[in-house]
Amino acid sequence: MRPHLIGIDDGPFEKHTDPVTPIVGVVMEGSDLVEGVAMTSFPIDGAGVTDFLAEWIQSLRFRPGLQGIVLGGITIAGLAVVDVERLSQKLELPVMVLNRKDPREHRLAGALESAGLTDRMEVVDRTPPSLPVSNGLYLACTGTSPDEAARLIDASRRKGEMPEPLRLAHQIASAVVRGDSRGRV
């Protein structure tokens with residue numbers, strides 16, 4: 001199986017200084033063929049990220065061949081919370097969310113409260129539960145079964161724990177901001 005997935009990650013930013021951060025999408029077939037890279041930007045802690053991502057992905061020339069979307073968490077650009085079920089429905093694609101730590105132990109609620117964005121907890125609460133998968137990762141998915149999502153993720157891994165489209169999106173977004181890539185997804 002050589003799935004066509006888009007991995008999406010944001011670039012690093014300085015809170016209270018940077019108005020926007022880059023968003024990078026890497027489209028790959030399997031774990032070794034980069035089919036394309038796309039870039040946009042989004043306001044830090046901005047509202048409407050789900051619709052923004054849906055419209056952006058829909059506009060990409062790679063969209064017809066995509067079989068899924070991979071995110072490194074449900075937040076992007078700070079505290080912009082992605083409604084993964086709505087994103088999946090809008091694009092009619094599976095959305096898979098990977099985390100290195102169990103999201104049930106997250107501090108997102110406190111961060112949203114401190115920022116005065118508690119209305120976004122409704123989206124957090126609707127997020128499908130994360131299940132432990134191989135390599136110590138946690139996977140939440142919508143638009144497909146957990147078993148199929150795990151197969152898609154495994155088929156897009158190469159050397160590391162993270163699927164290559166997400167790993168490369170992270171590396172590119174970091175390089176755009178810092179001049180070189182560093183850090184883990």
Side-chain angles (χ1 to χ4, degrees), residues 3-13 15 18-28 36-99 103-104 106-131 137-146 148-149 152-153 156 162-163 165-166 169-170 172-173 176 185:
H4 292 79
L5 302 177
I6 184 169
I8 298 172
D9 202 10
D10 57 354
F13 58 88
K15 193 113 174 112
D18 295 333
V20 299
T21 190
I23 308 294
V24 174
V26 174
V27 178
M28 293 186 69
V37 176
M39 196 166 109
T40 187
S41 61
F42 193 77
I44 305 302
D45 298 340
V49 71
T50 304
D51 291 335
F52 174 84
L53 289 174
E55 290 169 17
W56 178 57
I57 295 167
Q58 191 64 38
S59 74
L60 298 176
R61 68 181 178 89
F62 314 107
R63 169 58 187 99
L66 287 179
Q67 294 171 285
I69 301 163
V70 184
L71 303 173
I74 63 167
T75 58
I76 202 158
L79 296 174
V81 181
V82 179
D83 185 333
V84 294
E85 288 195 8
R86 200 161 107 240
L87 183 62
S88 175
Q89 291 167 354
K90 285 181 89 95
L91 293 170
E92 298 178 342
L93 287 171
V95 176
M96 295 152 284
V97 181
L98 286 167
N99 289 286
R104 292 175 297 196
H106 64 75
R107 292 175 264 151
L108 182 54
L112 289 170
E113 185 174 336
S114 293
L117 301 171
T118 55
D119 59 315
R120 297 180 186 184
M121 277 306 298
E122 179 183 324
V123 175
V124 174
D125 293 339
R126 280 197 317 265
T127 301
S130 290
L131 305 170
L137 298 176
Y138 291 85
L139 170 67
C141 64
T142 185
T144 190
S145 70
E148 179 60 19
L152 289 169
I153 294 300
S156 63
M162 288 292 176
L166 181 59
H170 176 77
I172 293 166
V176 166
V185 179

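The figures here come from the full heavy-atom set of this structure, side chains too, leaving out hydrogens, waters and symmetry mates. Since this is a predicted model, take the numbers as computed values, not measurements.
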- Item | Atom of A169, atom of D9 and distance for their closest heavy-atom approach | CB-N, 3.9 Å
- Item | Any donor-acceptor N/O pair, T21 side chain to G11 backbone, under 3.5 Å | yes
- Approximate separation, where rounding is to 0.5 Å, of T127 OG1 and M121 CE: 9.0 Å
- Query: Atom CD1 of I69 and atom CE of M96: how far apart are they, to the nearest 0.5 Å?
  - Reply: 8.0 Å
- Query: Quick one: salt bridge (Lys or Arg N to Asp or Glu O under 4.0 Å) partners of D51, sequence neighbours excluded?
  - Reply: R86, K90
- Query: How far apart are the closest heavy atoms of F62 and G36, and which atoms are they?
  - Reply: CZ-CA, 3.4 Å
- Item | Where at least one partner belongs to residues 109-120, residue pairs that pass salt bridge (Lys or Arg N to Asp or Glu O under 4.0 Å), sequence neighbours excluded | none
- Nearest-0.5 Å distance, CG of residue L71 to CD1 of residue I6: 9.5 Å
- Taking side chain as C-beta onward, heavy atoms only, is I57 less than 4.5 Å from I8? yes
- Atom of R63, atom of Q58 and distance for their closest heavy-atom approach: NE-OE1, 3.5 Å
- Not counting sequence neighbours, which residues clear ring-ring contact (aromatic ring centres under 6.0 Å, His included) with F52? List them please. F42
- Given side chains that start at C-beta, do those of L66 and L91 come closer than 4.5 Å, heavy atoms only? no
- Going by heavy atoms in the side chains, are V70 and P165 under 4.5 Å from each other? no
- Message: Within the structure provided, determine whether P94 and C141 are in side-chain contact (heavy-atom separation under 4.5 Å).
- Response: no
- With sequence neighbours left out, write down each residue that passes side chain to side chain contact (heavy atoms under 4.5 Å, CB included) with V37, or none if nothing qualifies. V24, V26, V34, I172
- What residues, two or more places apart in sequence or in another chain, satisfy side chain to side chain contact (heavy atoms under 4.5 Å, CB included) together with P129? none
- Contacts of type side chain to side chain contact (heavy atoms under 4.5 Å, CB included), residue A111, not counting sequence neighbours: L79
- Option from L87, V124, D83, T50 for which side chain to side chain contact (heavy atoms under 4.5 Å, CB included) with I74 holds: V124
- Hey, does L137 have a side-chain heavy atom less than 4.5 Å from the side chain of M162? yes
- Looking at CD1 of I153 and CD of E148, how far apart are the two atoms once the value is rounded to the nearest 0.5 Å? 10.5 Å
- Query: Between V84 and P128, what is the shortest heavy-atom contact and its length?
  - Reply: CG2-CD, 3.6 Å
- Task: Enter the distance from Y138:OH to L98:CG here, rounded to the nearest 0.5 Å.
- Result: 12.5 Å
- Note on the structure: Rounded to the nearest 0.5 Å, the OG atom of S156 sits from the CD atom of Q67 at a distance of 10.5 Å
- Heavy-atom closest pair (N99 atom, S130 atom, distance to 0.1 Å) is ND2-OG, 4.3 Å
- Considering non-hydrogen atoms only, spot the tightest contact between L152 and P3 and give its length. CD2-CB, 3.5 Å
